Every structure is written in structure tokens, then in C-alpha cells.
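One structure is given here, and the rest of the page talks about it.
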Amino acid sequence: MSARLRKLIGLFGMVAFVTAYAVAAILVGERLPDSLWIQTVYFAVAGLAWGIPILPLISWMNRGH
């Protein structure tokens, strides 16, 4: 598979994953107690945590240069 095709597939995969992740994070966040601290910590962690599961996809996209 060419590098261009891998990057195109990865792009669509990343957009789909981040969209689904954001929706899931919002749905979970709506069920949290009305505490500013709990919501702040949750959304800070959720806002950064999406990068961990996307790393294998980025690695796959950049393979074979």
C-alpha cells in the first residue's frame, strides 16, 4: 500500500475516532455531578487522553517512508 493511501485512510480513521471520542466524552461528562472541580479534572483528562489510542494509527500511517 502506498504512503499516500495509508495517510488518506488514516486521516478518515482519525476524524471518525476523534468525533466518536468527543461524543462519548460529552455523554459521560453530562452524567457527572455538578461539581466544578470534578468536571474540570474529567474534561482535562478526557481532552488529553484521546492521543494515547490514536498513536498506533499515526505510527501505521508513517510506516514505509
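Note that the numbering runs from 1 along the sequence shown for the chain. From a predicted model like this one, the values you see are computed outputs, not experimental measurements.
Grouping the Ile, Leu, Val, Met, Phe, Trp and Tyr side chains by contacts below 4.5 angstrom, directly or via other members, places Met61 with Leu5. Cluster membership for Ile26 and Val18, using ILVMFWY side-chain heavy atoms within less than 4.5 angstrom, is not shared. Under the 4.5 Å side-chain heavy-atom criterion for grouping Ile, Leu, Val, Met, Phe, Trp and Tyr, Phe17 is not connected to Val28 through any hydrophobic cluster. Both Ile54 and Ile9 sit in one connected hydrophobic cluster of ILVMFWY residues. Membership requires side-chain heavy atoms under 4.5 Å apart, directly or through other members. Leu57 and Leu11 end up in different hydrophobic clusters when Ile, Leu, Val, Met, Phe, Trp and Tyr side chains are linked at under 4.5 Å.
When atom types are taken as modelled, the side chain of Thr40 and the backbone of Leu36 share a donor-acceptor pair closer than 3.5 angstrom. For the pair Tyr21 (side chain) and Ala46 (backbone), a donor-acceptor distance under 3.5 Å is present. Side-chain atoms of Arg6 come within 3.5 Å of backbone atoms of Met1 as a donor-acceptor pair (strictly under, hydrogens ignored). Using modelled atom types, no side-chain atom of Tyr42 and backbone atom of Trp37 make a donor-acceptor pair closer than 3.5 Å. Between the side chain of Gln39 and the main chain of Pro33, a donor-acceptor pair closer than 3.5 Å is present. Of the possible donor and acceptor atoms, one in the side chain of Arg31 sits under 3.5 Å from a partner among the backbone N and O of Leu27.
A pairwise comparison of heavy atoms in Phe43 and Gly29 identifies CZ-CA, 3.7 Å as the closest pair. When all heavy atoms of Pro56 and Ile52 are compared, the closest pair comes out as CD-O, 3.8 Å.
Atom NZ in Lys7 sits 11.0 Å away from atom CD1 in Ile58 (nearest 0.5 Å).
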